[in-house]
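Convention: sequence-line order gives letters A, B, ...; per-chain numbering from 1.
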Protein chains: 2
Amino acid sequence: MGTVTKALSLLGLFTQIRPEIGLSDLTRLSGMNKATTHRLLRELQAQGFVEQVGPERAYRLGPEVLRLAALREATVPILSVSREVLDRLSAATGETAHISLVQGAKLNALSHAYSPRYATRVMMDDTEVLSFHATGSGLAVLAWAEPDFVNAVLAERLHAFTPDTETSAQAIRARLDDIRRDGMAESIGGYEADVHSHAAPVFGPDQRPIGALAVAAPVSRMTETLKQTIRAELAAGARDMTQRIGGLYPPSFPAARAA
Amino acid sequence: MGTVTKALSLLGLFTQIRPEIGLSDLTRLSGMNKATTHRLLRELQAQGFVEQVGPERAYRLGPEVLRLAALREATVPILSVSREVLDRLSAATGETAHISLVQGAKLNALSHAYSPRYATRVMMDDTEVLSFHATGSGLAVLAWAEPDFVNAVLAERLHAFTPDTETSAQAIRARLDDIRRDGMAESIGGYEADVHSHAAPVFGPDQRPIGALAVAAPVSRMTETLKQTIRAELAAGARDMTQRIGGLYPPSFPAARAA
DNA sequence: AACCAATGGTTCAAATAATGAACCAACGCA
DNA sequence: TGCGTTGGTTCATTATTTGAACCATTGGTT
């Protein structure tokens, strides 16, 4: 494994639940030698990617991460636009809204918004790598992804996260056909039991999906009325995001015709 | 130079003016061998820190930068709070508002907001490393920085950016005393001719400045009325930022008594 | 008070990864 | 057609990284 990859993988260990981690814990989590961990952290710290805080001198993500994100936001304002859209979506539906972005062969959660409407809600972990075949977001991306990409995903062993997870590549392809006709993906208990989620793709300038916007609700709260509300708000939110980041819908997308 | 440092320095080459850079240009800018540049970019790309876009396959900052920034924002919401405060500050004053953060021995511009009130405005470049001794922001930070830090800054050769730049360490120390009494730094043409700026420090939980919030206006527009408006709005904005990111004012800070 | 187990941190001989000169294919231009 | 640029690749040589062993400090336990 390359040295740069090792160093950057340390950054990936920070989570919302665990924003500050000590040297020994980072060593444990990473499986590296403590001297190696320390030396890599020194280089990351010198460049501003991590900083040490508190009397225990734990590490956390540093200001350079913010500066680079602000730079990228200046041209592709995904963070700020998604913040707004997520807040609006969770307020309008009363359920958890979240967004994920494609990163190479992975789908990474970026951000989420909770609604205070109910005492229970579908919880999100923003460090989570989402499954393509088992989540609404993943299916929404696959439906408009390059065929090679879809083939690569479906060639992998498809894990059954719950008894309801579809693991047949053929059956998944059929579902992707349905999603393409509808413009939206739906998943009931595919990744987590008792969670009913809807997702719509968000497109980039090249008409390819850069990620997906989704709403997740407990199955027990999913009435026909709520479903229609979610579908309408989600379609509007994903369209809004796509447009505001300079994305373009592929001609085959049904909701683009609806717009 | 460490390999990690080399790789991360490539990320630092991206700017708002130049968000997309090709392999050969990155090679030129970095002074590295093209094979080395390419290999480092491959590792950065695999981890999501850069991505390639367009038919020329130029590089730009990638989604992992956003994801990590979102993670950090979840605990220390500097980006989102500063966005709000900057927008409010530029709207209220009609001038350019900007924020910078301390990163080791540097003061890096993070973000800015322009006002559309006038046809002319003070322009900002968010990749800029600000001078401590020659800018309002720098002076605002120095006034409440650790003595060792101040000594280190003033021990360096102090560059005269304009004929009005103060370069005497002794005179600067006297100004820092004034700033500590007043709670705000003011710089007239210290860094750029014809620019009158005010800056207030933003504090972290350890009562140390993490950066500064500033308003920059052309000298010709600085009436006594505008000055009072800027001072009031800036004090309120910096206080708001400090409080919302969980910061604490040092007991010696005058405006903290005013709050 | 003594002991223990954990922490953050450091050293340097040995091991491993990174380097970069030279090369390739493709493209746009004169 | 030839030239100069681009993005990209190879592998013998060179430079950096590694990690076992070590240190000082701290907090908890007996």
A.B. asks: Does a side-chain N or O from B/Tyr59 land closer than 4.0 Å to OP1 or OP2 of D/dG8, or not?
C.D. replies: yes
A.B. asks: Does A/Lys6 put a side-chain nitrogen or oxygen below 4.0 Å from OP1 or OP2 of D/dT18?
C.D. replies: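 So the side chain of A/Lys6 is within the cut-off, an N or O lying under 4.0 Å from OP1 or OP2 of D/dT18.
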A.B. asks: Would you mind telling me which residue lines up with the more 5' stretch of DNA chain C, B/Met32 or A/His38, judged by nearest nucleotide?
C.D. replies: A/His38
A.B. asks: Whole Å only: how far is the CZ atom of B/Arg42 from the C1' atom of D/dG8?
C.D. replies: 9 Å
A.B. asks: Anything under 30° is parallel, anything over 60° is perpendicular, the rest tilted; go ahead and classify A/Phe203 against A/Phe253.
C.D. replies: perpendicular
A.B. asks: Rounded to whole Å, please give me the gap between CZ in B/Arg28 and P in D/dG7.
C.D. replies: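 After rounding, the gap between these two atoms is 8 Å.
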A.B. asks: Would you mind telling me which residue lines up with the more 5' stretch of DNA chain C, A/Val4 or A/Ala58, judged by nearest nucleotide?
C.D. replies: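 Counting from the 5' end, the first nearest nucleotide belongs to A/Ala58.
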A.B. asks: Look at the rings of B/His159 and B/Phe161 and say which category their plane angle falls in: under 30° parallel, 30 to 60° tilted, over 60° perpendicular.
C.D. replies: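 It falls in the perpendicular class, over 60°.
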A.B. asks: Nearest whole Å is fine: how far is D/dC11 P from B/Arg39 CZ?
C.D. replies: 16 Å
A.B. asks: Using the closest heavy atom to pick a nucleotide of DNA chain D for each, name whichever of B/Asp25 or B/Asn33 lands nearer the 5' end.
C.D. replies: B/Asp25
A.B. asks: What is the separation between atom CG on A/Leu29 and atom C1' on C/dT7, rounded to the nearest whole Å?
C.D. replies: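 Rounding to the nearest Å, CG of A/Leu29 and C1' of C/dT7 are 15 Å apart.
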A.B. asks: Distance check, rounded to the nearest 0.5 Å: B/Leu8 atom CG versus A/Glu43 atom CD?
C.D. replies: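 Between atom CG of B/Leu8 and atom CD of A/Glu43 there are 7.5 Å.
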A.B. asks: Taking the side chain of B/Leu23 as heavy atoms from C-beta outward, which of D/dG7, D/dT18, C/dT19 is closest to it?
C.D. replies: D/dG7
A.B. asks: How long is the line joining CD of A/Glu43 and C1' of C/dA18, in whole Å?
C.D. replies: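 Atom CD in A/Glu43 sits about 13 Å away from atom C1' in C/dA18.
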A.B. asks: I want to confirm an ordering. Mapping B/Gly2 and B/Lys34 to their closest nucleotides on DNA chain D, which one lands closer to the 5' end?
C.D. replies: B/Lys34
A.B. asks: Between B/Gln52 and D/dG8, is there a contact of a side-chain N or O with OP1 or OP2 at under 4.0 Å?
C.D. replies: yes
A.B. asks: Any side-chain donor-acceptor pair under 3.5 Å between B/Gln103 and A/Glu64?
C.D. replies: yes
A.B. asks: Kindly point out which of D/dG7, C/dT11, D/dT9 is positioned nearest to the side chain of B/Ala35?
C.D. replies: D/dT9
A.B. asks: Taking CZ from A/Arg57 and P from C/dT7, how many angstroms apart are they, rounded to a whole number?
C.D. replies: 16 Å
A.B. asks: What's the CD-P distance between B/Glu56 and C/dA26, to the nearest Å?
C.D. replies: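 After rounding, the gap between these two atoms is 18 Å.
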A.B. asks: With sugar-phosphate meaning primed atoms plus P, OP1 and OP2, does A/Thr3 contact a base, only sugar-phosphate, or nothing at under 4.0 Å between heavy atoms?
C.D. replies: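 Sugar-phosphate contact only - A/Thr3 comes under 4.0 Å of backbone atoms but never of a base.
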A.B. asks: Given atom CD1 of A/Ile21 and atom P of C/dA6, what is their separation to the nearest angstrom?
C.D. replies: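 The answer, rounded to whole Å, is 19 Å.
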A.B. asks: How about CZ on A/Arg173, more than 12 heavy atoms from neighbouring residues, nucleotides or ligands closer than 6.0 Å, or not?
C.D. replies: yes
